[in-house]
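Report on the structure given below.
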Amino acid sequence: MAKLKLHNTLHSKKEDFTPINPNDVRVYACGPTVYNYAHIGNGRMAVVCDLLARILKELYPKVTYVSNITDIDDKIIAAAKETGEPIDSITNKYTDIYNEDMAALGVAIPDIQPRATQHIPDMIKQIEALIEKGHAYAAEGHVLYNVPSYEAYGALSGRSRDEQIAGARVDVAPYKKDPADFVLWKPSTDDQPGWDSSWGRGRPGWHIECSAMTEATLGFPFDIHAGGSDLKFPHHENEIAQACGAHGHENAPEEYARVWVHNGFVVVEDEKMSKSIGNVQLVHDLIKDHKGEVLRLALLSAHYRQPLNWTANLIEQTQNTLDRLYRTLKDLKDVEAEKNIPASVMDALCDDMNTPAALAALIEIAGNAAKADESEKKKIKGALLSSGAVIGILQEDPDKWLGYDSASSEDAEEIESLIAQRKEARENKDFAKADEIRNKLHSMKIEIEDTAEGTIWRKIG
RNA sequence: GGCGCGGUGGCAGAGUGGUUAUGCAGCGGAUUGCAAAUCCGUGUACACCGGUUCGACUCCGGUCCGUGCCUCCA
């Protein structure tokens with residue numbers, strides 16, 4: 001059995017993964033704030049974490065994968081104000097859309113998908129523990145985390161406290177004891193959502209929800225914490241301070257999460273994806289023009305820690321790759337699959353999720369199909385299907401994928417008739433007419449293939 | 001300014017101290033009336049300059065370029 005290695009941001013190196021409890025591997029990933037559509041960068045994080053969960057589920061009997069929904073946040077409040085739509089209706093709507101869009105990318109729903117608003121009491125409890133242990137203080141309706149009180153602060157992002165102050169570009173609120181202190185709880189006005197607490201009616205700061213929800217759903221410490229690399233600081237750093245501070249692990253950041261996995265960013269046609277450039281690619285839109293499976297594999301075409309350049313060419317190449325693999329599966333249609341993930345694929349996936357190498361291994365296996373004997377064919381088909389299941393590809397019917405199952409299409413009769421006419425023309429050696437018919441079919445997005453068993457056709461594009 | 005990451009053949013993208021993935025595109029061939037699909041063959045690339053070494057694309061130092069975070073952000 002392959003041994004999983006993961007790059008652990010906490011130690012800045014690739015390490016053997018050893019679960020705390022092999023009978024229940026626990027993983028958490030920071031999920032979306034639901035106030036608009038998810039973009040392809042959100043999609044990358046979801047796909048990478050989904051892949052991680054699938055690999056772990058392959059290796060261990062039980063895996064609990066938790067990814068949250070942030071449904072209380074000032075951006076949501078602002079969106080509600082702007083649109084006049086109630087907050088609940090915004091968050092419910094975009095939660096559903098998020099889950100639908102991710103499902104299109106082959107992302108399974110997490111084992112637990114907690115919502116921040118369902119865990120307010122857990123947050124309050126953690127904040128109270130922090131106050132009790134001297135890590136937090138109330139001031140003017142706020143509760144703040146006192147950063148100097150937590151010695152190990154900076155362990156994840158690798159920056160010293162002095163560096164943070166030097167880099168601080170925000171105005172320091174007067175009620176802060178230290179410029180680096182951050183908000184755990186803040187007061188709400190009457191028109192803002194709020195919950196009663198001993199510090200008055202208010203709402204949580206951004207960071208507290210994750211350390212409260214991980215504690216509620218997974219317990220401390222848990223195995224793997226994942227997220228986008230931009231969350232390292234301050235979000236993940238603050239989570240560690242909150243979780244460890246509340247439980248007396250003063251200098252032991254690994255008592256929160258043992259392994260930290262951070263994925264790289266997506267750029268679009270060599271440009272940073274940003275609202276101001278206007279090049280934000282929404283998953284919701286992309287799935288209208290492309291198969292979700294193509295988008296998924298495109299997101300996995302580079303190593304997850306590398307930047308990914310999202311281009312039209314990338315999508316096209318990925319489509320070609322999948323077409324080819326599905327064609328191999330079509331050729332093996334009558335072969336009984338002997339399911340087994342080949343070591344070359346699993347080793348690559350276990351090597352810090354090296355998806356390009358895993359895909360190369362899979363393509364190499366597929367390439368052997370044509371000259372394989374019957375028993376090898378069974379293994380090849382099984383390898384494609386079972387490897388594909390882990391990566392999240394190749395589970396469709398090949399005929400359907402390639403467009404051969406269009407018998408139900410409304411113009412099937414016309415197509416068949418044209419093919420018959422072409423056949424007749426060919427028999428009469430009237431090749432000009434035969435080619436003309438073929439061109440006509442092509443303009444109808446129909447591609448024909450003359451095979452030993454006669455002419456077959458498929459829908460393209 | 002601080003911390004970090006990266007520069008690989010036309011493009012995408014792994015990897016390794018010495019046998020130089022993989023895909024797409026290209027080129028040549030087989031097959032085909034022509035196509036399509038498939039198959040076979042074909043490309044010694046690793047930013048620059050030094051150093052270590054029997055040997056470096058891979059290790060060390062420097063240079064240039066690009067890029068992320070330090071503020072909401074996947």
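Sequence lines set the chain letters: A, B, ... in the order given, protein chains first and strands last, and positions in each chain run from 1.
Using Watson-Crick or G-U wobble geometry with both donor-acceptor distances under 3.5 Å, B/A12 finds its partner in B/U22. Figure legend. B/G41 is base-paired to B/C27; pairs are counted as Watson-Crick or G-U wobble with both atom distances under 3.5 Å. With a cut-off of 3.5 Å on both pairing distances, the Watson-Crick or G-U wobble partner of B/C5 is B/G66. A 3.5 Å limit on both hydrogen-bonding distances identifies no Watson-Crick or G-U partner for B/A56.
Contact of A/Asp450 with B/C34 (side chain to base): a donor-acceptor pair of N or O atoms is detected under 3.5 Å. For A/Asn320 and B/G23, a side-chain-to-base donor-acceptor distance below 3.5 Å is absent, hydrogens and geometry of angles not being considered. A donor N or O paired with an acceptor N or O is found under 3.5 Å between the base of B/C34 and the side-chain atoms of A/Arg438.
An aromatic stacking contact links A/Phe265 with the base of B/A74, defined here by ring centres under 5.5 Å apart and ring planes under 30° from parallel.
The nucleotide whose nearest atom lies closest to any side-chain atom of A/Met273 is, among B/A74, B/A36, B/A37, B/A74. Residue A/Ala357 places its side chain closer to B/A14 than to any other of B/U38, B/G33, B/A14. In the set B/U22, B/A14, B/C39, B/A14 carries the atom at the smallest distance from any side-chain atom of A/Ala302. For A/Phe233, whose side chain is taken as the heavy atoms from C-beta onward, the closest listed nucleotide among B/C70, B/G33, B/A36 is B/C70. The listed nucleotides are B/G23, B/A74, B/U38; the one nearest the side chain of A/Thr321 is B/G23. Listed candidates were B/G33, B/A74, B/G13. Nearest to the side chain of A/Phe431 is B/G33. Side-chain atoms of A/Asp230 lie closest to B/A74 of the nucleotides B/A36, B/A74, B/C34.
To the nearest angstrom, C1' of B/C70 lies 17 Å from NE2 of A/His235. Separating the NZ atom of A/Lys232 from the C1' atom of B/C3 is a distance of 10 Å, rounded to the nearest angstrom. Rounding to whole angstrom units, CG of residue A/Leu325 and C1' of B/C24 are separated by 13 Å. One can place CZ of A/Arg422 at 11 Å from C1' of B/U32, the figure rounded to the nearest angstrom. Put simply, CD on A/Glu316 is 16 Å from P on B/C11, counting in whole angstrom units. To the nearest angstrom, P of B/C70 lies 10 Å from CG of A/Leu231. Rounded to an integer number of Å, the gap from CG of A/Leu402 to C1' of B/U38 is 13 Å. As a whole-Å value, the separation of A/Asp270 CG from B/C11 C1' is 11 Å.
A salt bridge does not link A/Arg458 with A/Asp399: every distance from a Lys NZ or Arg NE/NH1/NH2 to an Asp or Glu carboxylate oxygen is 4.0 Å or more. Electrostatic pairing of A/Lys186 and A/Asp74 counts as a salt bridge here, judged by a charged N lying under 4.0 Å from a carboxylate O. In summary, A/Asp73 and A/Arg203 do not engage in a salt bridge, as defined by a charged side-chain N under 4.0 Å from a carboxylate O. Using a 4.0 Å cut-off between a side-chain N of Lys or Arg and a carboxylate O of Asp or Glu, A/Arg422 and A/Asp450 qualify as a salt bridge.
Contact annotation for A/Gly43: no contact, since no heavy-atom pair falls under 4.0 Å across all strands. Nucleic acid contact class of A/Gly228 (heavy atoms, under 4.0 Å, all strands): sugar-phosphate only. Across all strands shown, A/Arg458 has no heavy atoms under 4.0 Å from either base or sugar-phosphate atoms. Among the protein residues, A/Gln306 comes within range of the sugar-phosphate backbone only, with heavy atoms under 4.0 Å from sugar or phosphate atoms but none that close to a base. Residue contacts shown for A/Ile363 are limited to sugar-phosphate atoms, with no base heavy atom under 4.0 Å away. Within the nucleic acid shown, A/Lys75 comes within 4.0 Å of sugar-phosphate atoms alone, with no base atom in reach, counting heavy atoms only. Contact annotation for A/Asn354: backbone-only contact, meaning every heavy-atom pair under 4.0 Å involves sugar-phosphate atoms and none involves a base. At a threshold of 4.0 angstrom between heavy atoms, the contacts of A/Gln317 include nucleobase atoms, whether or not backbone atoms are also involved. Nucleic acid contact class of A/Val267 (heavy atoms, under 4.0 Å, all strands): none. In this structure, A/His303 reaches the sugar-phosphate backbone alone: every heavy-atom distance under 4.0 Å involves primed, P, OP1 or OP2 atoms, never a base. Counting any heavy atom pair closer than 4.0 Å across all strands shown, A/Ser12 reaches no nucleic acid atom.
For the pair A/Lys330 and A/Trp401, the cation-pi test (distance below 6.0 Å, angle within 45°) is failed.
Aromatic pair A/Tyr28/A/Tyr65: centroids not less than 6.0 angstrom apart.
Along RNA chain B, the nucleotide nearest A/Leu359 and the nucleotide nearest A/Asp331 are compared for position; the residue whose nucleotide lies closer to the 5' end is A/Leu359. Of the residues near RNA chain B, A/Ala360 and A/Gly264, the one whose nearest nucleotide (by heavy atom distance) lies more toward the 5' end is A/Ala360.
Taking atom P in both B/C34 and B/U42, one finds a spacing of 26 Å when rounded to whole Å.
No side-chain donor-acceptor contact under 3.5 Å links A/Asn146 and A/Asp178.
In this pair, A/His262 and A/Trp260 present their aromatic rings parallel. The plane angle is below 30°, not in the 30 to 60° band.
Proximity of A/Arg324 to the phosphate of B/C24: a side-chain N or O atom is located under 4.0 Å from OP1 or OP2.
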